[in-house]
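Scroll down for the structure; my scribbles are underneath it.
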Amino acid sequence: MHPEDHWNRVYATKGFDSVSWYAPHLDKSLKLIERLCPDKAAAIVDIGGGQSTLVDDLLHAQYRDISVLDISRTAIEFTKRRLGERSEGLSWHVGDISRYDFGAKQFDLWHDRAVFHFLTDVANRMAYVGAVRRSVKPGGHVVIATFGPDGPFQCSGLDVVRYDDKKLQQAVGDGFVLLGSETTYHQTPMGKEQQFLYSWFKVDA
Ligand SMILES: C[S@@+](CC[C@H](N)C(=O)[O-])C[C@H]1O[C@@H](n2cnc3c(N)ncnc32)[C@H](O)[C@@H]1O
């Protein structure tokens, strides 16, 4: 099954708050974005934003240049409906991040919670890194949250790669300066605990 079919089926058949990655708010993500990018005019992109409420919280925090990309049109349409007319000022993208091109648009901050770890193939990881390099301004920031070294082996029935900070630094390669990383624990709606690793980088100027 193509990845977009997989994700569209997941979002068409599961309630938004019953998927394992659901959290009412992505508090850690929001705090990091506000710390790394206090300027509310900063261009922020949420990669694989799905149906998460990060975008609602960014709007509430007064950010004005927000983009969301997801491979699933079903997820994007759901999130746009939830936001109603507030969705109109945002930039929406449907596509696979390992093939996507944002054109001339460049971001101050790239956020990804639980997408990079699905790239089990080195060619797709390299394509993802290429997209970051094209699309993030020199000196901009990249926040990536993956499953940590003791996290699950799969998510949504798909294999994932688990990372510690050294392994993630190796995967993204030179040109990304690791500013910090932190292990966090996510409580799934089914009551299970999942270890995540949040890492944040500055892209070489
Ligand atoms: C585990 S969910 C996380 C959703 C959201 N980031 C969150 O934290 O709630 C992974 C998301 O990434 C999207 N996704 C998976 N592979 C992708 C890819 N190659 N390109 C873009 N989006 C992808 C899925 O549709 C899904 O919305």
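As a basis for the values below, the full set of heavy atoms in this structure was taken, side chains included, without hydrogen atoms, waters or symmetry mates. Residues take their numbers from the sequence shown, with the count starting at 1. For ligands, and for the atoms within them, numbers begin at 1 and follow the listed sequence.
Using cut-offs of 30° and 60° for the angle between ring planes, the F147 and F196 rings count as perpendicular. Taking the six-membered ring where the residue is Trp, H93 and F102 present perpendicular rings, their angle passing 60° and hence far from 30°.
Residue-environment remark: NZ (K31) stays at or below the threshold of 12 foreign heavy atoms within 6.0 Å.
A donor-acceptor pair shorter than 3.5 Å cannot be found between the side chains of Y198 and T183. Checking S72 against N8 by side-chain atom types alone, a donor-acceptor pair falls below 3.5 Å.
Residue Y11 holds the heavy atom nearest to atom 27 (O) of ligand 1 of all those in W7, F116, F16, Y11.
The protein non-hydrogen atom at the shortest distance from atom 19 (N) of ligand 1 is D96 OD1, 2.9 Å. At the top of the distance list for atom 14 (N) of ligand 1, counting protein heavy atoms only, stands I71 CG2, 3.6 Å. For atom 12 (O) of ligand 1, the closest non-hydrogen atom on the protein side is V115 CG2, 3.5 Å. Atom 20 (N) of ligand 1 has as its closest protein heavy atom I97 N, 2.9 Å. For atom 10 (C) of ligand 1, the nearest protein heavy atom (residue, atom name, distance) is A114 O, 3.3 Å. The nearest protein atom to atom 5 (C) of ligand 1, hydrogens excluded, is given as G48 O, 3.2 Å; this is a heavy-atom distance. Among protein heavy atoms, atom 25 (O) of ligand 1 sits closest to D70 OD1, 2.5 Å. Nearest protein heavy-atom neighbour of atom 8 (O) of ligand 1: R113 NH1, 2.6 Å.
For the ligand labelled ligand 1, residue G95 lies inside the 4.0 Å heavy-atom shell. Heavy atoms of P3 stay at 4.0 angstrom or farther from ligand 1.
Using a 4.0 Å cut-off between a side-chain N of Lys or Arg and a carboxylate O of Asp or Glu, E4 and R73 do not qualify as a salt bridge.
Listed by number with element, the atoms of ligand 1 under 4.0 angstrom from any heavy atom of L69 are 21 (C). Taking a cut-off of under 4.0 Å to the non-hydrogen atoms of G50, the atoms of ligand 1 that pass are 27 (O). For ligand 1 and S52, the ligand atoms under 4.0 Å from any heavy atom of the residue are 7 (C), 9 (O).
W110 and W200 fall into different hydrophobic clusters, where Ile, Leu, Val, Met, Phe, Trp and Tyr are joined by side-chain heavy atoms under 4.5 Å apart, directly or via other members. Neither F118 nor M126 shares a network with the other; the hydrophobic side chains, linked directly or stepwise wherever heavy atoms of I, L, V, M, F, W or Y lie under 4.5 Å apart, form separate groups for each. Put simply, V55 and F107 are part of two different groups of oily side chains (I, L, V, M, F, W, Y) that touch within less than 4.5 Å, one to the next.
Neither the backbone nor the side chain of L54 comes within 4.0 Å of ligand 1, counting heavy atoms alone.
For the side chain to side chain contact (heavy atoms under 4.5 Å, CB included) with L58, the qualifying choice from I44, L26, V68 is I44, the only one to do so.
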